[in-house]
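Written below as structure tokens is the structure these notes are about.
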Amino acid sequence: MERTKVIDLLRREDYGADVNVKGWVRTKRGSKAVNFVALNDGSTIKNVQIVVDVDKFDEAVIKNITTGACLSVDGVMVKSQGAEQSVEIQAKSIEILGLCGEDYPLQKKGHSMEFLREHANIRMRTNTFGAVFRIRHNMAMAIHTFFHEHGFFYWNSPLITASDCEGAGQMFQVTTLDIKNAPKTKEGDVDYSQDFFGAQTSLTVSGQLEGELAATALGAIYTFGPTFRAENSNTPRHLAEFWMIEPEVAFLDLKGLMDLEEEFIKYCVKWALDHCKDDLEFLNKMIDKSLIERLEGVLKEDFVRLPYTEGIKILEAAIAKGKKFEFPVSWGCDLASEHERYLVEEHFKKPVIMIDYPKEIKSFYMKINEDNKTVQGTDVLFPSIGEIIGGSVREESYEKLTNRMKELDMKLDGYEWYLETRKFGSCPHAGFGLGFERLILFVTGMTNIRDVIPFPRTPKNAAF
Ligand code: 4AD
Ligand code: MG
């Protein structure tokens, strides 16, 4: 018999029909005479209830219906007596596709997130992680749909690169040289001309620089791919391997950039509310009681657009009134997550797009304002997350850009291919990067970024 997915079955009303479902046992309860098996196949957070008249089956089959076992069930669809579901299956035959022993780690309900992280190979079988990963899929669909509808082209930047986008010292090197026995130059340095690519290469920290080239050809593009950072940040918001979405748009100015950032995030949040109702309701009940309210709140609010200098004044005023922060605040400092969260969660109580940062704390490519002190960078700050988007208008003047690079002691050679955009028909343009997992954190109410990516890569951890 053809298999019906649980999500489709639960919508049917043709009681009396013969059906087949396949899935994994979540729970088994009942009496000596009748067992109720909750079967889940991942298509939805909901289980289908299988009613098993014990004396109609071999003892061995009944014994092997254990938590985690994989079953194929033929039976009749009947209207359920229970309040929890409308449909259940009266089992006619049960095939045990995969036994599951007592050492299955998800025997009981209510494991800690830490425990589940250690069992990341099977944690997707829990309600929480099933919900998270269905939502993660939906957010990817929302992102592609948003950009497609807005005339952006999905475009792929390379993962292996010989240049550094965001600043030195945070990249994973890619090499086929024997590290114990690397060839040396006359000066005694590693001779990368003998390496696979004939140059020192790393995994990308951002696809932006290449994306900028594409924007000056295709007009509006976005990338959506893995990104790697070797920074030793062991926080609930940092991964060494994460996914980033980086749109880049020709002829976009600061106002247009902020509008795009705001419209884009709201579109994703609305998509979740429209497409992930069951999963969100579950997470709202089990993980964060204010989740749905917070998501709906974001849609209603206009994001605050706040120059950095104003932000510093607000923080200083708060300190004067007795607010305690761990890190000091003064003009020129890079804001810590506690400062960002104060602005968003306590002061404005809505998302903030902070702009016009001191150039010293931002990347070389950001457009310098007339004051020659600040740059047209935008960080979108979100409740409970902090920075969710980092973006900017790009410096399009060859002269200003190369001057800034020299000021920062950057070597221009290696960047010629990038700088040529500023020589061959340079255009005003802007773009941003959204951290995919930070979006998923916000939309799911999960609190640790390790719990919204299937297999997290963090310092000292690349298990699975
Ligand atoms: O602010 P970032 O470093 O900006 C860029 O990489 C720019 N090149 C983007 C652009 O303008 N095209 O990173 C962008 C976003 C951050 O706001 C954050 O959401 C996420 O990427 N992010 C991380 N997410 C998880 N783990 C990390 N280690 C992250 N670092 C950045
Ligand atoms: Mg940033």
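Reckoned from all heavy atoms, side chains included, excluding hydrogens, waters and symmetry mates. Remember, it's 1-based here, ligands and their atoms both numbered in the order they're listed. Only a predicted model underlies this, so the values are computations on that prediction, with no experimental measurement involved.
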- Note on the structure: atom 19 (O) of ligand 1: closest protein heavy atom, distance to 0.1 Å, is I388 O, 2.8 Å
- Just which atoms of ligand 1 are under 4.0 Å from any heavy atom in S206? 6 (O), 8 (N)
- Note on the structure: ligand 1 atoms nearer than 4.0 angstrom to some heavy atom of Y365 are 7 (C), 8 (N)
- Query: Does the side chain of E261 pick up a donor-acceptor pair with the side chain of T378 at under 3.5 Å?
  - Reply: yes
- Note on the structure: Of all protein heavy atoms, the one nearest atom 20 (C) of ligand 1 is G435 CA, 3.5 Å
- Task: Can you sort out which atoms of ligand 1 are near E231, meaning under 4.0 Å from one of its heavy atoms?
- Result: 28 (N)
- Task: May I ask you to check if ligand 1 and S392 share an N or O to N or O distance below 3.5 Å?
- Result: no
- Please could you name the atoms of ligand 1 that G391 approaches to less than 4.0 Å, counting only its heavy atoms? 11 (O)
- Message: Does this structure show an ion pair linking E281 with K285, if we count only N-O contacts that are shorter than 4.0 Å?
- Response: no
- SB check R305 D259 (cutoff 4.0 Å): yes
- Query: Which heavy-atom pair separates R394 from F432 by the least distance, and what is that distance?
  - Reply: NH2-N, 3.7 Å
- Kindly say whether Q208 contributes a backbone atom to a donor-acceptor pair with the side chain of E248 at under 3.5 angstrom? no
- Query: What residue and heavy atom of the protein are closest to atom 15 (C) of ligand 1, and at what distance?
  - Reply: G433 O, 3.5 Å
- Query: Contact between E437 and ligand 1, counting heavy atoms under 4.0 Å?
  - Reply: no
- Note on the structure: The option among R229, E246, Q208 carrying the non-hydrogen atom nearest to atom 2 (P) of ligand 1 is R229
- Query: Any ion pair linking K423 and E416 (charged N to carboxylate O, less than 4.0 Å)?
  - Reply: no
- Short N-O contact, K22 and D41, less than 4.0 angstrom: no
- Query: Has R237 got any heavy atom lying under 4.0 angstrom from an atom of ligand 1?
  - Reply: yes
- Message: Check contact between W243 and ligand 1, using heavy atoms of the residue and a distance below 4.0 angstrom.
- Response: no
- Assess whether ring pair (Phe, Tyr, Trp, His ring centres under 6.0 Å) is satisfied between H119 and F115, documenting all intermediate values. CA-CA 7 Å; H119 296 278; F115 175 87; 4.6 Å; yes
- SB check D253 K367 (cutoff 4.0 Å): no
- Just need the protein heavy atom nearest to atom 18 (C) of ligand 1, so name the residue and atom and give the distance. R438 NH1, 3.5 Å
- Message: Quick check: do F436 and F242 have side-chain heavy atoms less than 4.5 Å from each other?
- Response: no
- Query: Which protein heavy atom lies closest to atom 24 (N) of ligand 1, and at what distance to 0.1 Å?
  - Reply: F242 CD1, 3.5 Å
- Identified ring pair (Phe, Tyr, Trp, His ring centres under 6.0 Å) counterpart of F147 within the set F153, F264, Y154: F264
- Message: To check your reading of the model: name the closest protein heavy atom to atom 16 (C) of ligand 1, its residue, and the distance in Å.
- Response: E387 OE2, 3.2 Å
- Is any side-chain N of the basic residue among E118 and R123 closer than 4.0 Å to the acidic one's carboxylate O? no
- Note: R457, heavy atoms under 4.0 Å from ligand 1, region reported as neither
- Message: Any N/O/S atom, side chain or main chain, of E387 closer to the Mg ion (ligand 2) than 2.8 Å?
- Response: yes
- Message: Check contact between E241 and ligand 1, using heavy atoms of the residue and a distance below 4.0 angstrom.
- Response: no
- Query: CZ/F303 to CZ/F382 distance, rounded to the nearest 0.5 angstrom?
  - Reply: 4.0 Å
- Going by the atom numbers of ligand 1, which of them fall below 4.0 Å from some non-hydrogen atom of I449? 25 (C)
- Salt bridge or not for E338 and R341, using N-O below 4.0 Å? no
- Note on the structure: G390 heavy atoms within 4.0 Å reach ligand 1 at atoms 1 (O), 9 (C), 10 (C), 11 (O), 17 (O)
- Identity and distance of the protein heavy atom lying nearest atom 26 (N) of ligand 1: L239 N, 2.9 Å
- Task: Around atom 11 (O) of ligand 1, find the nearest protein heavy atom and jot down its residue, atom name and distance.
- Result: R394 NH2, 2.9 Å
- Query: Does L434 reach ligand 1 with a nitrogen or oxygen that is under 3.5 Å from one of the ligand's nitrogen or oxygen atoms?
  - Reply: no
- Message: Closer than 4.0 angstrom, basic N to acidic O: yes or no for E263 and K266?
- Response: no
- Query: What about M244: any of its N or O atoms under 3.5 Å from an N or O on ligand 1?
  - Reply: no
- Query: Which of the atoms in ligand 1, numbered in the order shown and given with their element, are less than 4.0 Å from a heavy-atom of I389?
  - Reply: 17 (O)
